[in-house]
A.B. asks: 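Encoded as structure tokens, here's the structure I'll be asking about.
Atoms within each ligand, like the ligands themselves, are counted from 1 in listed order. Bear in mind the structure is a predicted one, so any value in this text is a computation, not a measurement.
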Amino acid sequence: MTRLSVNINKIATLRNSRGGNNPDLIQVAKDCERFGAQGITVHPRPDERHIRYQDVFDLKKIVTTEFNIEGNCQEQKFIDLVLANKPEQVTLVPDALGQITSNHGWDTIKYQQYLKDIIKIFKDAGIRVSIFVDPVVEMVEAAVTTGTDRIELYTEGYASHYHKDKEQAIAPYTEAAEAAQKVGLGINAGHDLDLHNLKYFAQNIPGLLEISIGHALICDALYYGLENTIQMYLRQLA
Ligand SMILES: CC(=O)[C@@H](O)[C@H](O)COP(=O)(O)O
Ligand SMILES: NCC(=O)COP(=O)(O)O
């Protein structure tokens, strides 16, 4: 069954907005796992707009499922943070500094040698590596020689077209997943998945190991409550 990793970036956004510790990020992470989350994902960005570097150290002490740290490995501070905390997984995302959110995957052909070198650092430390890629067969195929364990399919393109034409929206993702399976890459996915589009996505992606969801899930929790929301997302994957 596909694992649900809850991204708690937006809990940190709310916490930081008033400068205190409410909501308590650590308690929310513990509760997410108690409510059924099969992983906790965070994306510390250089401006620490939500997840702070110290949060990662604090979360490492309490996460009992799978800890997934996402971020831009072109920042030495990010590399040092990951090596110091040794999460189950690191997901490498090619964000530029000023981006409002992640909006593209790696060019695994252009950055082939760079990715090979950086991935080796994390794998030598015993950390599973996933790299963020667009649903493009050539990018998936070139990912395998970087040494990565998995790819994470960037699903904004699927989510933004789902309501218009779901068959058309899913097609490149199914093709990319089949290509990944052929070359022995594990498949994760994430970005803008929600209660409307998740089930169809999971049904059409062979070998999907993990999805990480944050923004929509936290927004849904404002209406349905966090425990109920996590259960609703898990039911989409059953
Ligand atoms: C890599 C990805 O698509 C998301 O996990 C990203 O981490 C979301 O970041 P924000 O929560 O800062 O939008
Ligand atoms: N890797 C995707 C993730 O962790 C959460 O993305 P989103 O659900 O906040 O868009």
Side-chain angles (χ1 to χ4, degrees), residues 2-17 23 25 28-29 32 37-53 55-56 59 63 65-75 78 81-82 87-106 128-135 139 148 150-162 173 186-199 201-202 205 208-222 226 229-230 232-234 236-237:
T2 304
R3 297 173 75 99
L4 170 65
S5 185
V6 174
N7 182 313
I8 56 175
N9 290 350
K10 300 303 164 15
I11 299 295
T13 299
L14 185 56
R15 174 199 62 187
N16 296 357
S17 68
L25 187 77
V28 171
C32 285
Q38 296 145 326
I40 297 295
T41 291
V42 293
H43 191 144
R45 294 180 180 274
D47 60 11
E48 294 189 297
R49 66 186 74 167
H50 39 53
I51 296 294
R52 298 176 179 136
Y53 287 91
D55 291 329
V56 176
L59 286 164
V63 170
T65 54
E66 282 211 345
F67 194 21
N68 174 37
I69 305 175
E70 298 190 336
N72 184 341
C73 49
Q74 290 156 308
E75 301 282 331
F78 176 80
L81 180 74
V82 174
E88 280 70 26
Q89 179 174 268
V90 60
T91 300
L92 309 183
V93 186
D95 286 338
L97 284 176
Q99 286 178 209
I100 188 171
T101 188
S102 305
N103 62 13
H104 65 281
W106 287 99
R128 185 176 71 222
V129 178
S130 179
I131 63 172
F132 206 54
V133 299
D134 298 309
M139 293 298 128
T148 191
R150 297 189 185 180
I151 57 168
E152 176 174 341
L153 292 172
Y154 170 47
T155 49
E156 188 277 333
Y158 164 73
S160 59
H161 292 90
Y162 173 77
Y173 291 85
I187 304 162
N188 294 348
H191 205 95
D192 285 344
L193 294 173
D194 63 25
L195 282 174
H196 303 290
N197 62 36
L198 176 58
K199 191 180 190 80
F201 184 83
I205 303 299
L208 182 62
L209 297 170
E210 173 190 295
I211 47 101
S212 41
I213 303 183
H215 194 88
L217 189 149
I218 302 303
C219 291
D220 289 333
L222 297 175
L226 187 55
T229 299
I230 289 174
M232 290 166 78
Y233 275 84
L234 287 169
Q236 301 302 306
L237 297 170

A.B. asks: Kindly say whether D134 contributes a backbone atom to a donor-acceptor pair with the side chain of H104 at under 3.5 angstrom?
C.D. replies: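 The answer is no, because no donor-acceptor pair under 3.5 Å joins these two groups.
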
A.B. asks: For F132, take its heavy atoms, then give the atoms of ligand 1 lying under 4.0 Å from any of them.
C.D. replies: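 Contacts of ligand 1 toward F132, numbered from 1: 1 (C), 2 (C), 3 (O).
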
A.B. asks: Could you check whether any side-chain N or O of E48 sits under 3.5 Å from a backbone N or O of Y53, counting only pairs where one atom can act as donor and the other as acceptor?
C.D. replies: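 Yes; judged by distance alone, with no hydrogens or angles, the pair exists.
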
A.B. asks: In ligand 2, which numbered atoms sit nearer than 4.0 Å to a non-hydrogen atom of E152?
C.D. replies: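 What qualifies from ligand 2 is 1 (N), 2 (C).
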
A.B. asks: Going by the side chain to side chain donor-acceptor pair (under 3.5 Å) test, name the single residue among Q89, E152, R3 that passes it with N188.
C.D. replies: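 Checked Q89, E152, R3 against N188; only one passes side chain to side chain donor-acceptor pair (under 3.5 Å): Q89.
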
A.B. asks: Does R150 reach the side chain of I187, with side-chain heavy atoms less than 4.5 Å apart?
C.D. replies: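 Of all side-chain heavy-atom pairs linking I187 with R150, none is under 4.5 Å.
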
A.B. asks: For ligand 2 and K10, I'd like to know whether there is a polar contact (N/O to N/O, distance under 3.5 Å).
C.D. replies: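 Min N/O separation from ligand 2 is not below 3.5 Å for K10.
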
A.B. asks: Heavy-atom distance to atom 3 (O) of ligand 1: which of H191, K10, Q99 wins?
C.D. replies: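 Comparing heavy atoms across H191, K10, Q99, the nearest one to atom 3 (O) of ligand 1 lies in H191.
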
A.B. asks: Can you tell me the protein heavy atom closest to atom 4 (O) of ligand 2 and the distance?
C.D. replies: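 For atom 4 (O) of ligand 2, the nearest protein heavy atom comes out as N7 ND2, 2.8 Å.
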
A.B. asks: Just jot down the ligand 2 atoms closer than 4.0 angstrom to any heavy atom of H215, in number order.
C.D. replies: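 With H215 as reference, the close atoms of ligand 2 come out as 7 (P), 8 (O), 9 (O).
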
A.B. asks: Below 4.0 angstrom from a heavy atom of G190, which ligand 2 atoms are there? Numbered from 1 as shown, please.
C.D. replies: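 Heavy-atom distances to G190 below 4.0 Å select 2 (C).
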
A.B. asks: Any non-hydrogen atom of L193 lying under 4.0 Å from ligand 2?
C.D. replies: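 No.
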
A.B. asks: To check your reading of the model: name the closest protein heavy atom to atom 8 (O) of ligand 2, its residue, and the distance in Å.
C.D. replies: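 Nearest protein contact, heavy atoms only, for atom 8 (O) of ligand 2 is G214 N, 2.8 Å.
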
A.B. asks: What residues, two or more places apart in sequence or in another chain, satisfy ring pair (Phe, Tyr, Trp, His ring centres under 6.0 Å) together with Y154?
C.D. replies: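 Y154: ring pair (Phe, Tyr, Trp, His ring centres under 6.0 Å) contacts with F132, H191.
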
A.B. asks: Under 4.0 Å from ligand 2, counting heavy atoms only, is it the side chain of H43, its backbone, both or neither?
C.D. replies: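 Contact part for H43 vs ligand 2: neither.
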
A.B. asks: Is the backbone N or O of L208 less than 3.5 Å from a side-chain atom of T2, with the two atoms forming a donor-acceptor pair by type?
C.D. replies: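 Such a contact is found between T2 side chain and L208 backbone.
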
A.B. asks: Please identify which atoms of ligand 2 are closer than 4.0 Å to at least one heavy atom of T41.
C.D. replies: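 It comes down to these atoms of ligand 2: 4 (O).
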
A.B. asks: For the residue pair V42 and F67, what are the closest heavy atoms and their distance?
C.D. replies: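 Closest pair (atom of V42, atom of F67, distance): CG2-CE1, 3.8 Å.
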
A.B. asks: Among I11, V56, T13, exactly one meets side-chain contact (heavy atoms from CB on, under 4.5 Å) together with I51. Which residue is that?
C.D. replies: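 With I51 as partner, side-chain contact (heavy atoms from CB on, under 4.5 Å) holds for just one option, V56.
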
A.B. asks: Hey, does R45 sit under 4.0 Å from ligand 1 if you only count heavy atoms?
C.D. replies: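 Yes, R45 has a heavy atom closer than 4.0 Å to ligand 1.
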
A.B. asks: Among protein heavy atoms, which lies nearest atom 10 (O) of ligand 2, and at what distance?
C.D. replies: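 Residue, atom and distance for the closest contact: D192 N, 2.8 Å.
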
A.B. asks: With heavy-atom distances below 4.5 Å as the criterion, would you say the side chains of C32 and I230 are in contact?
C.D. replies: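 Yes, at least one pair of side-chain atoms sits under 4.5 Å.
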
A.B. asks: Do any N or O atoms from the side chain of T155 and from the backbone of A189 form a donor-acceptor pair under 3.5 angstrom?
C.D. replies: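 Between the backbone of A189 and the side chain of T155 there is no qualifying donor-acceptor contact (under 3.5 Å).
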
A.B. asks: If I apply the N/O under 3.5 Å rule, does N9 come out as touching ligand 1?
C.D. replies: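 Right, the criterion is met.
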
A.B. asks: What residue and heavy atom of the protein are closest to atom 6 (O) of ligand 2, and at what distance?
C.D. replies: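 Ranked first by proximity to atom 6 (O) of ligand 2 is H191 CA, 3.7 Å.
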
A.B. asks: Is the side chain of Y158 donor-acceptor paired with the backbone N or O of N197 at a distance under 3.5 Å, no angle test?
C.D. replies: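 Here the side-chain-to-backbone pair exists.
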
A.B. asks: Is there a polar contact, in the sense of an N or O pair closer than 3.5 Å, between T101 and ligand 1?
C.D. replies: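 Among all N and O atoms of T101, at least one is under 3.5 Å from an N or O of ligand 1.
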
A.B. asks: May I ask you to list the atoms of ligand 1 that are less than 4.0 angstrom from any heavy atom of S102?
C.D. replies: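 With S102 as reference, the close atoms of ligand 1 come out as 1 (C), 2 (C), 3 (O), 6 (C).
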
A.B. asks: Applying side chain to side chain donor-acceptor pair (under 3.5 Å), run through N16 and R52 and close with a yes or a no.
C.D. replies: CA-CA 10 Å; N16 296 357; R52 298 176 179 136; 3.0 Å; yes

A.B. asks: With a cut-off of 4.0 Å, which atoms of ligand 1 are near a heavy atom of H43?
C.D. replies: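 Here the atoms of ligand 1 in question are 1 (C), 6 (C), 7 (O).
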
A.B. asks: Provide the number and element of each atom of ligand 1 under 4.0 Å from a heavy atom of N7.
C.D. replies: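 So the atoms of ligand 1 that pass are 5 (O), 7 (O).
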
A.B. asks: Is there a donor-acceptor pair under 3.5 Å between the side chain of W106 and the backbone N or O of M139?
C.D. replies: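 Flag not set: sc W106 to bb M139 has no pair under 3.5 Å.
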
A.B. asks: Below 3.5 angstrom, do we get any N/O pair linking E70 and ligand 1?
C.D. replies: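 Yes: some nitrogen or oxygen of E70 is under 3.5 Å from one in ligand 1.
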
A.B. asks: If the contact criterion is a heavy-atom separation under 4.0 Å, does H50 count as touching ligand 1?
C.D. replies: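 H50 counts as a contact of ligand 1 under the 4.0 Å cut-off.
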
